[in-house]
Amino acid sequence: MSRDEFLRIEDLHTSFKTGRGIVRAVDGVTLSLARGESLGIVGESGSGKTVLARSIMGLLPPRATTRTGKIFFNGEELTAMDSERLRDYWGAQIAMVFQDPMTALNPVMKIGRQVTEHMIHHMNVDRDNAKQIALKLLTEVGIPEPGKRFDDYPHQMSGGMRQRIMIAIALACGPSLLLADEPTTALDVTVQAQILRLLAEQRAERNMSMILVTHDLGVVASNTDRVAVMYGGRIMETAKTASLFANMRHPYTKALFDSIPNLKNPSHTELTVIPGRPPDLVNPPPGCKFAARCDYATDQCRSEEPTLQTDGDTEHSFACWHPVGVRGKAGVSNA
Amino acid sequence: MLEVKNLVVEFSTGNRGEKVHAVSDISFIVNEGETLGVVGESGCGKSTTGRAIMQLVKSTSGDVVFDGVSLAGLSGSELREVRTQMQMIFQDPISSLNPRRSVRDIVAEPLLIWKRGTTEQVYEKVDRTLELVGIDPIRAAESKPHQFSGGQCQRISIARALMLDPRLLICDEPVSALDVSVQAQVLNLLESLKKQFKLTLIFIAHDLAVVKNISDRVAVMYLGRICELAPSDAIYSQPKHPYTKLLIDSIPIPDPTIETRAIETLGEPPSPIDPPTGCRFHPRCPLATDICRSEQPQLTETSLGHLVACHHPLG
């Protein structure tokens, strides 16, 4: 493993047992992330993006879940550790911010205690020191009058403030990897802009790596260095953010992008539609998972599953038999 | 066609004398055949406005006039009669359908209640409408709502709303629970049905890009008041209210070559229980002056069809 591969995921498969059969939520994902880098994982509901993030953290119910493949973090294999050892990583080196700050916070514990709790556990600081660090942290994440807020309960705060608290908790022990799962989806757009800016500032200041899971291509465009597009549990396309937006090679990426209403277009512009619906991951179709909804699908697509390949630009890979866009680095000459 | 006059909706919080000022004195008209978008963040009163038009919540004062008929003074049965002309679809398509009945029966229900035609005629119309919204009538006859996806359930809600041939359709966040690829399908469907049935739409949503795409005119709401009302292309190209501009600038643009615009941090919307005096946006507004803090700006026309409620309008 090379030194710049801070996080490496090799052929990860995560599946759940359900009443209907086995759901292959993540179906063979390989990814890597450099220190300080920000990776966006984009997909629609059921694409496996959240399960992927939780698999990295090891936060899935063990009884119903099967996970195969390897995950290396900073040279150590996370997938080989028991939960006892993982506890040294959770919160301390790898932290997570969830979509819904109301349910992720403990409703009957004061804010202050939730922020200091794992500092006391991981960093060997006493209560008073932890409080000093926490107050500084709350100021950094933009909580006005943190001294007063310290003894508040989560329900006394707005959604945006609660998400700031979540971020403060995640940052408390100085993690080197932050997993942010739809951190702004539950927030209003003006507050979303503030939270995204806060995450970017903190990431730069701490040289922290971030995986940003989202359904919103707009959020990805301005907040990540690289993007992976997921569909049906697999990565369909991955590239530097600038290259991906300049030259979309997978028909799914292109279709997803085209279906977003664009503010630049006049009103009543007809939207491009992706016909049909996502595949059933209990009985996934053979071949490419997107074939049934794809304009370019041929018999090969319906029978043979494409793997990630590159074509000219070594940092831009896509899993498609009939890629769209332009071969090589075309379109990003000025990027 | 529809006129909302000085509508006020207040809810009691349960604490003595404490009130949520959900909608505070708003007035606007909706013309026959147009789509009026209503956009704003959570708690701005956009959903309450939709519900108050339908008389699903009681307004504290003010009136809604539909086709010359004042709805505030109507009795229960008169109101039911008027409501056949105006229908509403909701954000969560699955929970707004009865989980224990077949989809075909759910869609038929309005016609059966109003005894419009024989059973045969009713189901003929049901099947025709289901086909139109892209749902297989045979599957609808044997399936319950949970057997359909979110996007399909929204189509079913739309079919049900169309059963009584309404003239006005109020859509409250109809696509916010849907994935973007499915969202586009439902938006295109609404556009084509609107043309086909000559519908008038009120489209309530928080997503500005979606609202711009479907609307002819857009009303921007903030803390219970309308701050700007203008043709949709104009409101996005030349926003005049600082809040409208903040909203537009906050939208993440799916293009990494565009630098994110620096937005001044202005905190979060205050509580509608105790709204600020004067202009309700003044605590977050970079242009606020003394007059904004003391005097409430009125919605006035600054150029043709472009209304703004601001003491210091932009551009």
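Residue numbers begin at 1 in each chain, while the letters A, B, ... track the order of the sequences.
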Item to check | Close side-chain approach of B:Lys212 and A:Asn265, heavy atoms under 4.5 Å | outcome: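 No, side chains not in contact.
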Next on the checklist: Using side-chain heavy atoms (C-beta onward) and a distance below 4.5 Å, is B:Asn188 in contact with A:Glu270?
Outcome noted: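 Side chain of B:Asn188 against side chain of A:Glu270, heavy atoms only: contact under 4.5 Å found.
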For residues [X] and [Y], report the shortest heavy-atom separation together with the two atoms involved.
X: A:Pro261; Y: B:Gln183; value: CD-NE2, 3.6 Å
X: A:Arg277; Y: B:Ser149; value: NH2-CB, 3.6 Å
X: B:Asp216; Y: A:His268; value: OD1-NE2, 2.6 Å
X: B:Arg284; Y: A:Thr190; value: NH2-OG1, 3.2 Å

Checklist entry - B:Pro252, B:Gly134, B:Ser271: which one forms the most heavy-atom pairs within less than 4.5 Å of chain A? => result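 Sorted descending by pairs with chain A, the first entry is B:Pro252.
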Checklist entry - Picking from B:Gly43, B:Ala184, B:Gly151, which has the most non-hydrogen pairs under 4.5 angstrom with chain A? => result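 It is B:Ala184.
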Rounded to the nearest 0.5 Å, how far apart are [atom1] of [X] and [atom2] of [Y]?
X: A:His215; Y: B:Ser181; atom1: NE2; atom2: OG; result: 11.5 Å
X: A:Leu256; Y: B:Asp179; atom1: CG; atom2: CG; result: 8.5 Å
X: B:Ile248; Y: A:Leu263; atom1: CD1; atom2: CG; result: 7.0 Å
X: A:Phe245; Y: B:Ile253; atom1: CZ; atom2: CD1; result: 11.5 Å
X: A:Leu271; Y: B:Glu191; atom1: CG; atom2: CD; result: 8.0 Å

Checklist entry - Any sub-3.5 Å donor-acceptor pair from B:Asp233's side-chain atoms to A:Pro266's backbone N or O? => result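 No, the answer is negative, given that no donor and acceptor are paired below the 3.5 Å cut-off.
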Side chain / backbone / both / neither for [X] at chain A, heavy atoms under 4.5 Å:
X: B:Asn213; result: both
X: B:Leu187; result: side chain
X: B:Ser232; result: side chain
X: B:Asp207; result: neither

Next on the checklist: Heavy-atom pairs under 4.5 Å with chain B - which of A:Ser158, A:Gly159, A:Ser267 has more of them than the others?
Outcome noted: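 Between A:Ser158, A:Gly159, A:Ser267, the count favours A:Ser267.
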Item to check | Among the listed options A:Leu217, A:Thr241, A:Thr272, A:Thr269, the residue most often paired with chain B at heavy-atom distances under 4.5 Å | outcome: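 Answer, by heavy-atom pair count under 4.5 Å with chain B: A:Thr269.
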Checklist entry - Which region of A:Pro275, side chain (C-beta onward) or backbone (N, CA, C, O), has a non-hydrogen atom less than 4.5 Å from a non-hydrogen atom of chain B, or is it both or neither? => result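 A:Pro275 touches chain B through backbone heavy atoms alone.
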Item to check | Contact class of A:Glu44 relative to chain B, heavy atoms under 4.5 angstrom | outcome: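 Contact with chain B involves both backbone and side-chain atoms of A:Glu44.
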Item to check | Other residues, nucleotides, ligands: >12 heavy atoms within 6.0 Å of B:Leu314 CG | outcome: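 More than 12 within 6.0 Å, yes.
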Item to check | A:Tyr296, OH atom: more than 12 neighbouring heavy atoms under 6.0 Å | outcome: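 No - once you tally the heavy atoms of other residues, nucleotides and ligands closer than 6.0 Å, there are 12 at most.
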Checklist entry - By number, which residues in residues 30-41 of chain B have some heavy atom less than 4.5 Å away from chain A? => result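 Heavy-atom contacts from residues 30-41 of chain B to chain A are B:Glu41.
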